[in-house]
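Data first, discussion second: the structure below is written as structure tokens.
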Amino acid sequence: MALEIVQVPLLTDNYAYLLREPKSGLVGIVDPSVAAGPLKAAEDRGWAISHVLNTHHHWDHTGGNLEIKSATGCTVVGPSYDADRIPGIDQEVSEDAPFKFGATEAEIIFIPGHTLGHIAFWFRKEKAAFVGDTLFAMGCGRLFEGTPEMMFASMQKLKKLPDDTKIYCGHEYTLNNGEFAMGLDPGNAAIKERMDDVYARRAESLPTVPSFMGEEKKTNPFLLAPDVKSFAEVRAKKDRY
Ligand code: ZN
Ligand code: FE
């Protein structure tokens, strides 16, 4: 049986994710900005949260940590690099210390740039990657702490994920990202085609996340940038967009 994944929309545009590993019954919540929504989503399904998984330290990904931990006694898992900035952290993970989750496992991909300690949880067998605010659907996170070199290197790491990997990111930013991408590359038919779907979904308030790595490789300007210099230019343009 595969990992069960439930998207939990929080605040204006944040996504947290409930993960249930069916063999062990363990339940994780990825990047809870607040506690109430995730606790209710778990309770509605009769699930007991056993883990919080954090991709990076920002409050809109960790704000619910302590309340969820005191309500459930769960284990808080986060990047070793940022251990001092993750509220309530119990277990530090890194590329050398993957996250074992019942009968499955997440490999950790170190992807600094948005923050210096940012990681992705990659469930290889389940073809699912939780990438926080590093890679968005047709976009990437702002460089709050890292350099363009760092973020470009992180993009290259993520690009190695197989095309059929589902990319679960931290925010619903796709409409804005896609309009920026169309303006940047008006001749790109793959972006236009994808945007038809994005407009249709957003008109019904449906999520555009997750996406597949294969479509990101064809339509995400930050993955399409061939070198650091062009990556930095696209990032700077997007910052002013
Ligand atoms: Zn962030
Ligand atoms: Fe965020």
Side-chain angles (χ1 to χ4, degrees), residues 1-8 15-32 38 47 49-56 61 74-83 86 89-115 117-141 150-171 174 207-220 222-224:
M1 266 206 291
L3 192 67
E4 296 170 68
I5 302 173
V6 177
Q7 189 170 42
V8 185
Y15 287 129
Y17 300 95
L18 270 179
L19 317 178
R20 183 174 178 276
E21 196 287 296
K23 256 190 198 148
S24 58
L26 293 177
V27 175
I29 178 77
V30 180
D31 284 355
W47 296 357
I49 293 176
S50 58
H51 293 82
V52 166
L53 280 62
N54 294 134
T55 60
H56 67 296
H61 299 255
C74 71
T75 300
V76 176
V77 181
S80 61
Y81 188 97
D82 256 345
I86 302 285
I89 192 166
D90 299 296
Q91 184 184 344
E92 299 177 22
V93 292
S94 67
E95 291 193 342
D96 301 321
F99 173 57
K100 294 201 189 327
F101 187 50
T104 191
E105 176 178 286
E107 292 167 48
I108 305 301
I109 312 174
F110 186 51
I111 43 173
H114 177 69
T115 65
H118 204 301
I119 56 170
F121 291 85
W122 176 34
F123 292 87
R124 183 195 290 257
K125 266 197 305 183
E126 280 78 15
K127 305 178 195 295
F130 296 86
V131 298
D133 289 356
T134 296
L135 186 69
F136 292 123
M138 284 187 275
C140 87
M150 270 181 198
M151 190 59 133
F152 179 73
S154 296
M155 293 290 121
Q156 304 318 300
K157 277 189 180 180
L158 292 174
K159 241 174 147 170
K160 287 186 191 140
L161 295 176
D163 286 358
D164 62 353
T165 308
K166 277 188 181 164
I167 303 298
Y168 293 86
C169 64
H171 292 269
T174 319
T208 61
V209 174
S211 57
F212 283 101
M213 186 42 115
E215 53 180 330
E216 293 306 327
K217 284 181 193 166
K218 288 185 208 141
T219 58
N220 188 317
F222 299 96
L223 292 178
L224 288 167

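Quick note: numbers below take in every heavy atom, side chains included, and nothing from hydrogens, waters or symmetry partners.
The side-chain heavy atoms of Leu161 and Ile109, taken from C-beta on, include a pair separated by under 4.5 Å. The shortest distance between side-chain heavy atoms of Thr134 and Met155 falls below 4.5 Å. At least one side-chain heavy atom of Leu3 sits under 4.5 Å from a side-chain heavy atom of Phe101. Side-chain contact between Pro22 and Glu4 is present, with heavy atoms from C-beta onward closer than 4.5 Å.
Checked by atom type and distance alone, the side chain of Gln91 never pairs as donor or acceptor with a backbone atom of Phe99 at under 3.5 Å. A donor-acceptor pair is defined here as one N or O able to donate and one able to accept, closer than 3.5 Å; such a pair exists between the side chain of Asn220 and the backbone of Phe136. The closest donor-acceptor contact from the side chain of Asn54 to the backbone of His61 lies under 3.5 Å. No donor-acceptor pair closer than 3.5 Å links the side chain of Asp31 to the backbone N or O of Ala16.
Ring pair His118/His114 is perpendicular by interplanar angle, where above 60° counts as perpendicular and below 30° as parallel.
The OG1 atom of Thr55 sits 7.5 Å away from atom CZ of Phe121, with the distance rounded to the nearest 0.5 Å. Here Thr115 contributes atom OG1 and Asp133 contributes atom CG; the two are 8.5 Å apart, rounded to the nearest 0.5 Å. Interatomic distance, Lys159 NZ to Phe152 CZ, rounded to the nearest 0.5 Å: 6.5 Å. Annotation: the span from Leu135 atom CG to Met151 atom CE amounts to 8.5 Å, rounded to 0.5 Å. Ser50 OG to Leu19 CG: the interatomic distance, rounded to the nearest 0.5 Å, is 9.5 Å. Distance check, rounded to the nearest 0.5 Å: NZ of Lys127 to CZ of Phe212 gives 10.0 Å.
Not counting sequence neighbours, the partners of Phe110 by the side-chain contact (heavy atoms from CB on, under 4.5 Å) test are Tyr81, Glu95, Pro112, Ile119, Lys157. Under the salt bridge (Lys or Arg N to Asp or Glu O under 4.0 Å) criterion, Asp96 pairs with no residue at all, not counting sequence neighbours.
The minimum heavy-atom distance between Ala137 and Cys169, with the atom names listed, is N-SG, 4.0 Å. Of all heavy-atom pairs spanning Pro210 and Lys166, the tightest one is CG-CD, 4.0 Å. Taking both residues in full, the closest heavy atoms of Pro38 and Val8 are given as N-CG1, 4.3 Å, listed atom of the first, atom of the second, then distance. Contact detail for Ile111 and Ala120: the closest heavy-atom pair is CD1-CB, 3.6 Å. Taking each heavy atom of Gly102 and Ser24 in turn, the nearest pair found is CA-OG, 3.5 Å. Nearest heavy-atom pair across Ile86 and Pro79 is CD1-CD, 4.0 Å.
Exactly one residue among Ile5, Val27, Val30 makes a side-chain contact (heavy atoms from CB on, under 4.5 Å) with Leu18. That residue is Val27. Applying the side-chain hydrogen bond (donor to acceptor under 3.5 Å, both in side chains) test between Glu105 and each of Lys125, Arg124, Lys100 identifies Lys100 as the sole match. Just one residue in the list Tyr17, Trp122, Tyr15 forms a ring-ring contact (aromatic ring centres under 6.0 Å, His included) with Tyr168, and that residue is Tyr17.
No side-chain donor from either of Glu21 and Thr104 sits under 3.5 Å from a side-chain acceptor of the other.
Within 6.0 Å of NZ on Lys217 lie more than 12 heavy atoms contributed by other residues, nucleotides or ligands.
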Mind running side-chain contact (heavy atoms from CB on, under 4.5 Å) on Met213 and Leu223 for me, showing each step along the way?
CA-CA 10 Å; Met213 186 42 115; Leu223 292 178; 4.1 Å; yes

